[in-house]
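The next block holds one structure in the form of structure tokens; read it before the comments.
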2 protein chains.
Amino acid sequence: MAATKDPRPCSIADALALVGEKYSLLVLREVCLGNGRFDQLVRNIGAPRDILAARLRRLVDAGILTKRVYSERPQRFEYRATQAGLELEPVLMTLKEWGDRHLRRGTGLPMVVEHSCGHALVPVVTCRACGDEVRHQDLTAHPQAPGWTLTGPTAA
Amino acid sequence: MAATKDPRPCSIADALALVGEKYSLLVLREVCLGNGRFDQLVRNIGAPRDILAARLRRLVDAGILTKRVYSERPQRFEYRATQAGLELEPVLMTLKEWGDRHLRRGTGLPMVVEHSCGHALVPVVTCRACGDEVRHQDLTAHPQAPGWTLTGPTAA
DNA sequence: GGGGAGGGTTTGATTTTCCAACCCTTCCGG
DNA sequence: CCGGAAGGGTTGGAAAATCAAACCCTCCCC
């Protein structure tokens with residue numbers, strides 16, 4: 001689902017071209033939870049079976065999932081996240097946190113993820129260099145490739 | 001674009017229902033960069049004008065963007081991120097980082113974001129409680145609402 | 001040999017997207 | 001006063017993606 005003629009070279013656009021189609025990130029959610037079987041995915045995501053099959057093919061081709069046999073005779077499969085797939089989990093957690101805060105004021109969370117430190121996970125995006133939480137006003141964009149023309153206050 | 005019958009109550013699914021449609025997150029990318037005018041968005045994202053208009057309406061309705069007049073006579077508009085919109089920027093940065101690492105091995109990045117600490121931003125998702133980087137093996141899911149049946153190794 | 005689980009594919013109707021063309025207002029130049 | 005051009009969309013019809021339900025195949029169990 002690449003933005004058909006995105007004139008900007010952009011890793012965000014490229015990433016979304018792989019995992020931005022409807023259901024793809026929900027597939028990853030389920031697979032990260034260990035629910036990697038076809039009918040589990042159908043039930044838990046609520047996607048049409050044909051679409052789901054297409055997404056799974058795409059994610060496997062992209063190296064985000066692998067298809068494993070968990071039983072010969074009868075032959076049965078399971079999808080699992082590759083390393084690249086697991087590294088998308090922080091994106092999911094960050095999105096979950098946003099949804100928890102903005103879409104469920106007061107409603108109680110449908111799921112809580114516990115971190116190994118013993119606390120409920122509240123993901124925070126920080127800067128690798130200084131450790132500070134990332135906020136918009138601390139960021140400045142520096143285009144490195146043609147196609148980028150900035151005009152706003154974030155421009156460099 | 002809600003997963004039409006997602007049986008799971010889930011903040012990830014809900015968030016994607018708002019911003020998961022094609023182009024929506026790219027709109028947010030541009031708006032965060034300060035490129036909030038309709039024809040800038042068309043050019044920079046490469047989306048059809050009608051689709052873009054629909055996305056903008058939706059994002060404004062959802063409280064993620066606002067439509068501001070930046071010139072009366074001739075009347076001209078500009079879209080800006082609300083606080084809720086700005087708080088999605090960490091999601092974009094995390095996704096950008098994933099794309100930079102997995103989709104551009106060796107190709108040189110099309111854009112670098114500088115953090116106010118003086119270094120190029122490399123976003124890291126950490127746990128608010130302990131500060132450690134979030135990794136899959138440190139997470140355990142705890143369903144709080146019906147609809148959640150876990151079977152895998154992540155299950156609680 | 002009937003039925004169910006698992007993992008899909010096929011078919012046809014319904015929605016979305018896409019693209020090009022068009023519209024409207026206001027400013028500008030001649 | 002007339003003809004653009006910029007900005008911000010809307011409209012119409014063709015093309016593509018999605019949806020739901022039905023179907024298929026293999027193997028297992030009774």
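In the text below, chain A, chain B and the rest are named by the order of the sequence lines, each starting its count at 1.
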A:Arg135 vs A:Glu133, salt bridge (Lys or Arg N to Asp or Glu O under 4.0 Å): CA-CA, chis, key distance, verdict = CA-CA 6 Å; A:Arg135 280 165 315 167; A:Glu133 182 167 351; over 6 Å; no
task = Begin from the C-alpha positions of B:Leu59 and B:Val27 and carry the test side-chain contact (heavy atoms from CB on, under 4.5 Å) through to its verdict.
result = CA-CA 9 Å; B:Leu59 291 171; B:Val27 167; 3.9 Å; yes
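Applying a 4.0 Å cut-off to non-hydrogen atoms, the residues of residues 66-76 of chain B that approach DNA chain C are B:Arg73, B:Pro74, listed by residue number.
Remark: C1' of C:dG6 and OH of A:Tyr79 are 12 Å apart, rounded to the nearest angstrom. In this entry the distance linking CZ of A:Arg57 with P of C:dG7 reads 15 Å, nearest Å. Note: CG (A:Leu41) to C1' (C:dA5) measures 16 Å, nearest angstrom. For the pair B:Leu26 CG and C:dT17 P, the computed distance is 14 Å after rounding to whole Å. Taking atom CD of residue B:Glu78 and atom P of nucleotide D:dG7, one finds them 13 Å apart after rounding to whole Å. If you measure from atom CG of B:Leu52 to atom P of C:dT17, you get 12 Å, rounded to the nearest angstrom. Look at CD on B:Gln40: it is 13 Å from C1' on D:dA6, rounded to the nearest Å. Protein atom CD of A:Glu21 is 12 Å distant from nucleotide atom C1' of D:dT18, rounded to whole Å.
Residue contacts shown for A:Asp50 include a base, since a base heavy atom lies under 4.0 Å away. In this structure, A:Phe77 reaches the sugar-phosphate backbone alone: every heavy-atom distance under 4.0 Å involves primed, P, OP1 or OP2 atoms, never a base.
Distance check, rounded to the nearest 0.5 Å: CH2 of B:Trp98 to CD1 of A:Ile64 gives 4.0 Å. Rounding to the nearest 0.5 angstrom, the gap separating the CG atom in A:Asp39 from the CZ atom in A:Arg49 is 7.0 Å.
Between B:Leu56 and A:Arg55, the residue anchored nearer the 5' end of DNA chain D, judged by the nucleotide with its closest heavy atom, is B:Leu56.
Here the nucleotide nearest the side chain of B:Phe38, chosen from C:dC19, D:dG9, D:dC19, is D:dG9. Residue B:Asp39 places its side chain closer to D:dG8 than to any other of D:dT18, D:dT10, D:dG8. For A:Ile51, counting side-chain heavy atoms from C-beta on, the closest listed nucleotide (C:dT9, C:dT17, D:dC19) is D:dC19.
Side chain of B:Thr94 to backbone of B:Pro90: a donor-acceptor contact under 3.5 angstrom is found.
For the 3.5 Å distance criterion, the side chains of B:Arg104 and A:Ser11 qualify, holding a donor opposite an acceptor.
Looking at every heavy atom in both residues, A:Leu86 comes nearest to A:Cys32 through CD2-SG, 4.4 Å.
A:Lys22 has a side-chain polar atom (N or O) that falls below the 4.0 Å cut-off from OP1 or OP2 of D:dC19.
The base of C:dG7 is paired with the side chain of A:Arg49 by a donor and an acceptor separated by under 3.5 Å.
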